[in-house]
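First comes the structure, then the notes that go with it.
First listed ligand is number 1; within each ligand, the first listed atom is number 1.
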Amino acid sequence: MSSAQTPTERGYFGPFGGRFVAETLVPALEELERAYREIVPSDAFQRPLRALLADYVGRPTPLSSGERLRAELDPGGERLAALFYKREDLCHTGAHKINNALGQVLLAKMMGKTRIIAETGAGQHGVATASACAAFGLPCEVYMGELDVARQAPNVARMKMLGAKVVPVTSGSRTLKDAMNEAMRDWVTNVATTYYCVGSAAGPHPYPSLVRDLQRVIGDEARAQLLAKTGKLPDAVVACVGGGSNAIGIFAGFLDDAEVALFGVEAGGLGIDTDKHAATLTKGRVGVLHGAKSYVLCDDDGQIVEPHSISAGLDYPGVGPEHAELKRTGRATYLTATDDEALAAVKSVAEREGILLALETAHAVAALPRVLDALEARGGKRATIVVNFSGRGDKDLATLMRRLEPSEVGS
Ligand SMILES: *Cc1c(COP(=O)(O)O)cnc(C)c1O
């Protein structure tokens, strides 16, 4: 396996990752690391996980192909041979996040933990964790910034329906980063009974590796499905990047295939030359956030700045350390797409393919012309591309109706 897949003993991907936490959390992380090494690979864990992914989540998700979007992107038919979509939007709860939540809650159960806590920004990870906890009969508390509680009312209602307790966080900017800090504080206090279910491939070691391993089912399935359909590997794999879990999940299936180019797409917000974006790898600096060293968005004094994206799920000022390393080594390339480009992409995919995408996912689609340029610059031939459709857009309907012109959304 390549170094990007196996961190060092201390959880480093190159210079990134590690464990930058209070002394009191170290035993909890060591206990989790033991569980990650001993329980996760075991048959006793993998067998029930596979059954749940099939019967509860609905895996394997399809790999569909899209001719109408392909034709729009490449009318002349010279650059893009085929476009495939890995359909995580068809997962139970509407996105890839359930793969991770279900795996971690199963792990918590097998570790003998009796209480689950989580942080959430847009509420998507909160809903996934609340669903998994309900299915396992475990109590669930979800920390959520007070501002996000107000902005994401439908997901707050979903979590409550699923029996979870939503705890509004009033500190700091009252958004995701504060909710993560609060969840860590809870964990320190209740570590004997409590499992902290982290929502992306970020956080202190071993979370980035654990979440990656739980999401790599996306990449493993996509690789086998494409080989079955075409007999070949893709030229490129494209995914949006918030904390980085859906991207690292699909990348993991192709990391060892040097001929497959990997592209992550960050939220460019109002533009990466403004201060309103969430393009952490593209515009951030190396720093420590939520227990790991990676790229972060901060000001000249090192203070974390509030990110902006039209898609709440990409609105995170950090990014998982494995992506930082994939950027450093050049194995993956990171691009950006703006709010307006993502909006246009949602519209375009809905009308051309009959699929209403999440605004997060739309960033990956919006960057496809730049991906084609990059492949051409590398001397590529007509490309076959797999895009990870990380989630569906029902949750974004209010934003879409507000932001698209009446003439754009029919009558
Ligand atoms: C949360 C979310 C993301 C971003 O999270 P990652 O950890 O970067 O995958 C992307 N797409 C959807 C649909 C989401 O809900």
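- Among all protein heavy atoms, the one lying closest to atom 4 (C) of ligand 1 is G313 O, 3.3 Å.
- Among all heavy-atom pairs drawn from A278 and L297, the shortest one is CA-CD1, 3.8 Å.
- Applying the 4.0 Å criterion to heavy atoms of G242 picks out, from ligand 1, the atoms 8 (O).
- At a 3.5 angstrom cut-off on N or O pairs, C240 does not count as close to ligand 1.
- Aromatic ring orientation, F16 versus Y295: tilted (interplanar angle from 30° to 60°).
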Mind running salt bridge (charged side-chain N to carboxylate O under 4.0 Å, His left out) on R151 and D148 for me, showing each step along the way? CA-CA 5 Å; R151 288 193 291 202; D148 291 330; 2.6 Å; yes

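- Among the atoms of S245, some N or O lies under 3.5 angstrom from an N or O of ligand 1.
- The nearest protein atom to atom 12 (C) of ligand 1, hydrogens excluded, is given as S390 OG, 3.5 Å; this is a heavy-atom distance.
- Counting the atoms of ligand 1 from 1 in the order shown, those under 4.0 Å from a heavy atom of G391 are 13 (C).
- Defined by atom type and a distance below 3.5 Å, a donor-acceptor pair is present between the side-chain atoms of R378 and T333.
- Heavy-atom proximity to A358, at under 4.0 Å, picks out these atoms of ligand 1: 13 (C).
- The shortest non-hydrogen separation linking E182 to S171 is OE1-OG, 3.8 Å.
- Ligand 1 does not have Q215 within reach: every non-hydrogen atom of the residue lies 4.0 Å or more from it.
- For the residue pair D213 / Y36, a side-chain donor-acceptor distance below 3.5 Å is found, with atom types taken as modelled.
- Heavy-atom proximity to S200, at under 4.0 Å, picks out these atoms of ligand 1: 6 (P), 7 (O).
- Ring geometry for H290 against Y316 counts as parallel: the plane angle stays under 30°, on a 0 to 90° scale with 60° as the upper cut.
- Using a 4.0 Å cut-off between heavy atoms, H96 contacts ligand 1 through its side chain alone, with no backbone atom that close.
- Taking every heavy atom of G244 and a limit of under 4.0 angstrom, the matching atoms of ligand 1 come to 6 (P), 7 (O), 8 (O).
- Selection from E266, K97, Q124 by nearest heavy atom to atom 2 (C) of ligand 1 gives K97.
- In summary, the side chains of E325 and Y12 do not present any donor paired with an acceptor at a separation below 3.5 Å, with no hydrogens or angles considered.
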